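Just so it is clear: chains get the letters A, B, ... in the order the sequence lines come, proteins before strands, and each one is counted from 1. Keep in mind that this is a model prediction, so the values were computed, not measured.
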Amino acid sequence: MSRYVASEIESKWQAAWAEAEVFRATRDPSRPKYYVLEMFPYPSGRIHMGHVRNYTMGDVVARYKSARGFNVLHPMGWDAFGMPAENAAMEKRVHPGAWTYQNIDAMRAQLRPLGLSIDWSREFATCDPEYYGQQQALFLDMYEKGLVTRKSAVVNWDPVDMTVLANEQVIDGKGWRSGAPVERRELTQWFFRISDYSEELLEAIDGLTGWPEKVRIMQRNWIGKSRGLQFRFATTGAPEGFGELEVYTTRPDTLYGASFAAISPDHPLAKALEGDPEVAAFVAECRRMGTSEEELETAEKKGFDTGITVTHPFDPAWKLPVYIANFILMDYGTGAIFGCPAHDQRDLDFARKYGLPVTVVVSPEGADFEVGTEAYTGPGRLVNSGFLDGMEVEDAKAAVIAKIEAEGHGRGETKYRLRDWGVSRQRYWGCPIPMVHCEKCGVVPERKENLPVRLPEDVTFEKPGNPLDHHPSWKDTPCPACGAPARRETDTMDTFVDSSWYYARFTAPHAATPTSMEDAEYWMNVDQYIGGVEHAILHLLYSRFFARAMRETGHLPASAAEPFSALFTQGMVTHETYATEGEGGRLVWREPSEVIRDEGGARLADGTPIIVGPSTKMSKSKKNTVDPEAIIAQYGADTARWFVLSDSPPERDVEWTASGAEAASRHLARVHRVVSEIAQAPEGPAGESDEASKLRSAVHRAIRDVTEGIEGFAFNKAIAKLYELTSLLAKPAGDAPGLVAARREGARALALLQRPMTPHLAEAMWEMLGGEGLIARAPWPEADPALLVEAKVTLPVQVNGKRRAEIAVPSGTDKATIEALVLADAAVRRALNGATPKKLIVVPDRIVNVVL
RNA sequence: GCGGGCGUGGCGGAAUGGUAGACGCAGGGGUCUCAAACACCCCCGCCGCAAGGCGUGUCGGUUCGACUCCGACCGCCCGCACCA
């Protein structure tokens, strides 16, 4: 009997697949297509268990759909631009490109042994000039269509390193490298006009029925459609040109509860007041915060009374003070609000701090109402509100809007929280924005024939600032319009741009235009997209926008406006975090491979104690990653694949532990042994016996259940059923008529069902069982409905919801018969103790409940 | 702070209105063996000798029946627009 040697089996069958080009996808209009895509990886240099899990899940779907007769497209590429390459350049003095391509080679080498059914001929990296050149062409087409604009935006500025920082590089308000306090600074930046599509992107969410509901909700909330009132206050004491202050509110009903007005520190009025040193000092303090919404919202609410007042629109005698407040966002609405403390928590915190009046204007039905430290945001009727008194909130909103509109102070407005997408990055390792600045002609798009605008190779990272900006010659270029000496845009694009259209490029990865319509029409949309829930908003929303932009620019058919028909958000792979204490109590993260865990706790090899932190998402920054290469080398790819699928439901986080690998490996060896025995067993007596038909029935139920598990993305359940089927087939064969044949049938089904999860082992099983050709090309097994029905069922009997007895009946027994059996049952009679049941609930083939 | 999610034995989980704990891990016992490894068999939520009772983060509600539906709370995780 042959032993299970994973390495031999896996290299043998990978070679066979390559030889037969089983996974090469070619356009074939005579067959239905299926496009399965996992979010492509960032080439960090090593794969981790998260990658193994993600790509194995996609591979299960790809191989299953292939068995179901689909022409499957399953490509792979690299999300290769981004900051880590520049950080490596600074720390290790390697060129970001060299670093990135080395990482890609290393990761590809680790990925290929997994035996994924990928069409590697379509592979590309977003940092390939062929790819980013096409991205520049897209950018120019979008510019042409008015989808690109330039405006000013606030960034995190590190005054020491003279560079823009990402939010994650700002730690406690300081630059991560320099430690200098970060400043907010305005820069002119390139934007995609995604907000023009707010309504379309919002409405289309209803049609995304293949997406998880939680992602659809998050996207709706992110777009944040609101109906409100925009109106102008008359001001007193404001500088020239600020006779009016325009504010936006979603709670116009609370206008009589207003106690102050507030403007953003970035508001033009705040800037106009900066001549006053006190204002300047306060605004400067506000600017010492980072730009992230999270930071603004969690910071202590602070304000500065400008001395300016505004007049209440419904009462000329009523003046409200105007504050500059650190929690007002310039990006939302008009950058100015009125505060109604009783009905908004932030306004209330602010009012309590500055001693401003708090007037209740909405009272929950029939209650005498006061506000303490918690604002009331629920429904109710208006009070203390003049002509609004007694109205419901919604009616009062409409009434206020109508009155303001009639008096000409403003109007009802629909607004969206979604802002335009700022894509400018002051960095080297990204796709250059193909624009040219000319003294005479202004901003001019580069000519398409000059694409790609390539990144220069000879750059240095020693100097602070953007290497493209201080490169001696790269910027110099003739103006595409007039030919005069001009200078290139030195900003590169956000890496989210790269990942917003790669799915379309995979349909024609070598085309001389961004896409080829024939291929896009055949392969789009992605039928199943798989990735982490951390991308639920930004990446997916940007991709939805980009598919529309590519429709407008003729690069995708209108039918591909929603590029991902179905989405599955898999959970993350987590691991405990390990750290040692460094200088000044600062934590120094340690890799799991450095850590020795035993009864005494955790330590390094030299005895340094380890602080064990909670299990969190595996990340490079916390070094809590695990290298799957070792597992593959030790046990083989099928074991690694089996293990990541079996332990947790795919949508949930899985904590990586070493314990499962051994068990997975043992099980696969058992599967191999059981099938090998069955393949070599002598023919038994023909005919039909109870044992044989029971086994056949169990095999067909397993076919049904495993199929359901895969279809429903419940791979862990499918695997549980495969464990059961294996145990069943492992039972020693008797000499009952037909049993040997039934076991053979079961073993063939097992091979076919193992195929998506452990494709190499499945080929070996298929070969032992004398299957024809490659199992990778065999059709999926069908469960015979006649074998699925169970003859007898056991019904639990409850008395008042507590299980007291069981009765066995033929399946499909009618209610009356069951009732009689139940009432005659000894255990039931004991539980009843002479009482007469009030009611008998019989759920056929499921349960009986006797109610007293 | 705002938005979204999750919470079941020692552990990963199953059951999505109908016998809570399928399947696996860890643990315990046994068979085989000179011995070991492998393999195979049995036990395994908690309390209790047992009968029985208790049990799905906490509290309350709906229902004949709730892990499942509703409300509040607690804890953990994800996102918050320059991480990818």
Distance check: side-chain N/O of [X] vs OP1/OP2 of [N], anything under 4.0 Å?
X	N	value
A:Ser646	B:G24	no
A:Ser292	B:C80	no
A:Arg670	B:C38	no
A:Arg652	B:G7	yes
A:Asn221	B:G4	yes
A:Arg666	B:C25	yes
A:Asn167	B:C80	no
A:Lys802	B:C64	no
A:Arg419	B:A81	no

Original post:
A:Phe40 and ring-ring contact (aromatic ring centres under 6.0 Å, His included): which partner among A:Tyr502, A:Tyr503, A:Trp78?
Top reply: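 Among the candidates, only A:Tyr502 passes.
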Original post:
What distance do A:Ile47 atom CD1 and A:Tyr55 atom OH have between them, rounded to the nearest 0.5 Å?
Top reply: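 Output value for this atom pair is 9.5 Å.
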Distance, rounded to the nearest Å, where [X] contributes [atom1] and [N] contributes [atom2]:
X	N	atom1	atom2	result
A:Asp344	B:G1	CG	P	14 Å
A:Trp421	B:C80	CH2	P	15 Å
A:Asp647	B:G12	CG	P	10 Å
A:Tyr542	B:C80	OH	P	10 Å

**OP:** Please confirm whether any donor atom in the side chain of A:Glu168 sits under 3.5 Å from an acceptor in the base of B:C82, or the reverse.
**Re:**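 Flag unset: no donor-acceptor pair detected.
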**OP:** Look at the side chain of A:Glu294 against the base of B:C80 and say whether a donor-acceptor pair falls under 3.5 Å; ignore hydrogens and angles.
**Re:**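 Between B:C80 and A:Glu294, which were checked side chain against base, a qualifying N/O pair under 3.5 Å is present.
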Original post:
Which dot-bracket string fits RNA chain B when only Watson-Crick or G-U wobble pairs with both atom distances under 3.5 Å count, crossing pairs get [ ], and | stands for a partner on a different strand?
Top reply: (((((((..(((.....[....))).(((((.......))))).(((....)))..(((((..]....))))))))))))....
**OP:** Please confirm whether A:Phe327 and A:Phe350 have ring centers closer than 6.0 angstrom.
**Re:**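 Judged by ring-centre distance (under 6.0 Å), A:Phe327 and A:Phe350 do meet the cut-off.
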Original post:
Hey, do the aromatic rings of A:Phe81 and A:Tyr132 have their centres closer than 6.0 Å?
Top reply: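 Aromatic pair counts; centres sit under 6.0 Å.
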**OP:** Please tell me which of A:Gln345 and A:Thr794 maps to the more 5' nucleotide of RNA chain B, matching each residue to the nucleotide holding its nearest heavy atom.
**Re:**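 Its nearest nucleotide lies further toward 5', so the answer is A:Gln345.
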